[in-house]
Protein chains: 2
Amino acid sequence: MGRRAAQAPGFPTNDRVRRAALSLFALKGYEATGIRDIANEAGISVATLYNYMSSKEDLLISIMEEGLVQIRDVALRTLKDQTDPIEQLAALVRLHVWRHANRRQSAVVVDTEIRSLSREGLTHIISLRDEYENIWREVIRRGMLDGSFDVLEPKLVTLAILEMCTGVSHWFRPNGELNLSYVSDVFADAALGMTRAKRNDKPVRVSDVSRMDLEAIFLELDESNSSGARKTKSTS
Amino acid sequence: MGRRAAQAPGFPTNDRVRRAALSLFALKGYEATGIRDIANEAGISVATLYNYMSSKEDLLISIMEEGLVQIRDVALRTLKDQTDPIEQLAALVRLHVWRHANRRQSAVVVDTEIRSLSREGLTHIISLRDEYENIWREVIRRGMLDGSFDVLEPKLVTLAILEMCTGVSHWFRPNGELNLSYVSDVFADAALGMTRAKRNDKPVRVSDVSRMDLEAIFLELDESNSSGARKTKSTS
DNA sequence: GTCTATAAGGTGATAGAC
DNA sequence: GTCTATCACCTTATAGAC
């Protein structure tokens, strides 16, 4: 794997630890990442590392929690601006795709490391994930009731759309040739097709729904979060 | 994690090792699985285990290879029976969903342990996966040319459909309340919606395409494979 | 807050007897 | 083919000095 240069100092140690763990967990996986790797990447010793976390698993839990809470809150906030299920579904798809592309590390850890959790943390994370999934389910359900969507099985289609969008994190590269705004259009259009979205008996395409400034939405959230910054370990 | 009972004997040791590794890799992940776990699950000692594999990673590679070769071959064989891209896409979706539900362990390992491979095995596995993806891409491409499909970006939509179907392995339970044949219908319908599949200018639903006996297809393959059984380690 | 040193046990893999 | 015993190293986590 080779020795990586420690991250640039200047950031508080607390942040450096989180970033180090996040990038290593995303790259190699939680099990394959040792606490020496984390300490080294953060530029501190193993003993010092334990001043910023209570255990390796607690660090994982807090990283996953942050990611899930963030996307859940963004989703809830965004849905308040719209009432049309078609607009809402397109917005959810864009948000989810954006996050899985531009916050890839966080998304990957949330998506793949659930199996590394042991009971205590597991129930907590699962319940957060369920909250987020229920937001989607509710939009699909309402769209079926008002005739916007026509699907065989709302529950399954919800999962299908979610998995489809989650997959973006597997191949999207921030500096690649694909434009993220375009990618999120393609996926929103796919979701509208999957649900057979219709307005006035006419199929709806992505060009028929309004767009949104994803960058701004997540930026706003980043700011409102960093003011009340969460800690991994309560320091006395 | 607790001590699991070793698998019933009767099967050749070679098979028991493969089954043990497969189920443990799928359950806990490759990194979290020790060679002692595998040996214990297979009912042999660690030293004996090394008579049936050359290394833990080689065992992983051979498991992933088997899974990928199998689904690739099933896909190729099935496509030969049909020429209509719409029928072909529905068939691919059904096969992929079926496999990710009924051969869940194999599918999960193939989908999640790519990052555990180191160069040597990685290139081999990636090229197999690319072969399989290209089968899908070609079907979508042909469907676009003959007017069956209408998508914004064939490459992205191919990935989207694949990821959507792959997700089935995350929640499907063989003895749960969902009927697999129904699930594969829902997903085939979703894929037809995503691609805006049309025949004679009318949207195609899953009820408009022919079904197939998935059970029989995979059974046939199991049999043709077990005759020329692959070995993990060449025994002198 | 940060370090060096170390505890206590797990890791993949092998030697050599039977 | 299968085993017991062992190697060299790595793992998470902590004690105690500064």
Side-chain angles (χ1 to χ4, degrees), chain A residues 1-4 6-7 9-18 20-21 24-25 28-63 113 116-121 229 231-236, chain B residues 1-4 6-7 9-18 20-21 24-25 28-63 113 116-121 229 231-236:
Chain A
M1 198 51 67
R3 188 165 286 259
R4 295 181 61 180
Q7 294 191 341
F11 286 102
T13 311
N14 199 349
D15 264 22
R16 292 221 311 280
V17 168
R18 289 186 78 85
L24 287 167
F25 289 168
K28 310 199 296 177
Y30 172 79
E31 296 285 355
T33 300
I35 53 171
R36 277 162 191 73
D37 300 326
I38 302 173
N40 186 52
E41 178 78 10
I44 56 178
S45 73
V46 170
T48 301
L49 176 61
Y50 275 87
N51 273 326
Y52 296 93
M53 67 178 200
S54 50
S55 73
K56 186 182 149 193
E57 183 174 350
D58 263 16
L59 186 53
L60 173 63
I61 292 174
S62 109
I63 284 175
E113 297 300 352
S116 302
L117 298 171
S118 50
R119 275 193 38 84
E120 167 202 21
K231 290 218 172 66
T232 301
K233 187 177 188 175
S234 51
T235 46
S236 59
Chain B
M1 197 53 59
R3 188 165 286 261
R4 295 182 61 181
Q7 294 192 342
F11 286 102
T13 311
N14 200 347
D15 265 22
R16 292 221 310 282
V17 168
R18 289 187 78 84
L24 288 168
F25 289 168
K28 310 200 295 177
Y30 172 79
E31 294 286 354
T33 300
I35 53 171
R36 283 160 187 79
D37 299 328
I38 302 172
N40 188 51
E41 178 79 8
I44 57 178
S45 73
V46 170
T48 301
L49 176 61
Y50 276 86
N51 273 326
Y52 296 93
M53 67 179 201
S54 49
S55 75
K56 188 183 150 192
E57 183 175 349
D58 262 17
L59 186 53
L60 173 63
I61 292 174
S62 109
I63 284 174
E113 298 299 352
S116 303
L117 298 172
S118 49
R119 278 194 37 85
E120 168 202 21
K231 290 216 172 65
T232 300
K233 185 175 188 175
S234 51
T235 47
S236 58

Return the minimal non-hydrogen interatomic distance between A:Ile63 and A:Arg18, and the atom names on each side.
-> CA-NH2, 3.8 Å

Write down the atom of B:Tyr30, the atom of B:Glu113, and the distance for their closest heavy-atom approach.
-> N-OE2, 3.0 Å

Checking A:Thr48, A:Asn51, A:Leu59 against A:Val17 for side chain to side chain contact (heavy atoms under 4.5 Å, CB included), the one that qualifies is A:Leu59

Between C:dC3, D:dG1, C:dT2, which one does the side chain of B:Tyr52 approach most closely?
-> D:dG1

B:Glu31 versus B:Lys56, closest heavy-atom pair with distance | O-NZ, 4.0 Å

D:dC3 phosphate, OP1 or OP2, under 4.0 Å from B:Thr48 side-chain N/O = yes

Side chains of A:Met53 and A:Ser62: does their closest heavy-atom pair fall under 4.5 Å?
-> no

Hey, what bend do you get for the helix from C:dG1-D:dC18 to C:dC18-D:dG1 if you fit axes on five pairs at each end, rounded to 10°?
-> 0°

What is the minimum heavy-atom distance between B:Ser116 and B:Leu60, and which atoms define it?
-> CB-CD2, 4.1 Å

For nucleotides 10-13 of chain C, list the nitrogen or oxygen atoms of the protein found under 3.5 Å from its nitrogen or oxygen atoms, one pair per line.
{"from": "C:dG12", "atom 1": "OP1", "to": "B:Thr33", "atom 2": "O", "distance (Å)": "3.4"}
{"from": "C:dG12", "atom 1": "OP1", "to": "B:Lys56", "atom 2": "NZ", "distance (Å)": "2.8"}
{"from": "C:dG12", "atom 1": "OP2", "to": "B:Ile35", "atom 2": "N", "distance (Å)": "2.8"}
{"from": "C:dG12", "atom 1": "N7", "to": "B:Arg36", "atom 2": "NH1", "distance (Å)": "3.2"}
{"from": "C:dG12", "atom 1": "O6", "to": "B:Arg36", "atom 2": "NH2", "distance (Å)": "3.1"}
{"from": "C:dA13", "atom 1": "OP2", "to": "B:Tyr50", "atom 2": "OH", "distance (Å)": "2.7"}
{"from": "C:dA13", "atom 1": "OP2", "to": "B:Lys56", "atom 2": "N", "distance (Å)": "3.2"}
{"from": "C:dA13", "atom 1": "O5'", "to": "B:Tyr50", "atom 2": "OH", "distance (Å)": "3.1"}

Within a strict 4.5 Å, meaning less than it, do heavy atoms of the B:Arg16 and B:Ile44 side chains meet?
-> yes

To the nearest angstrom, how far is A:Leu49 atom CG from C:dC3 atom P?
-> 11 Å

List the atom of B:Leu49, the atom of B:Ile35, and the distance in Å for their closest heavy-atom pair.
-> CD2-O, 3.6 Å

Per atom distances to the B:Asn51 side chain, the nearest of D:dA15, D:dC3, D:dT2 is D:dT2

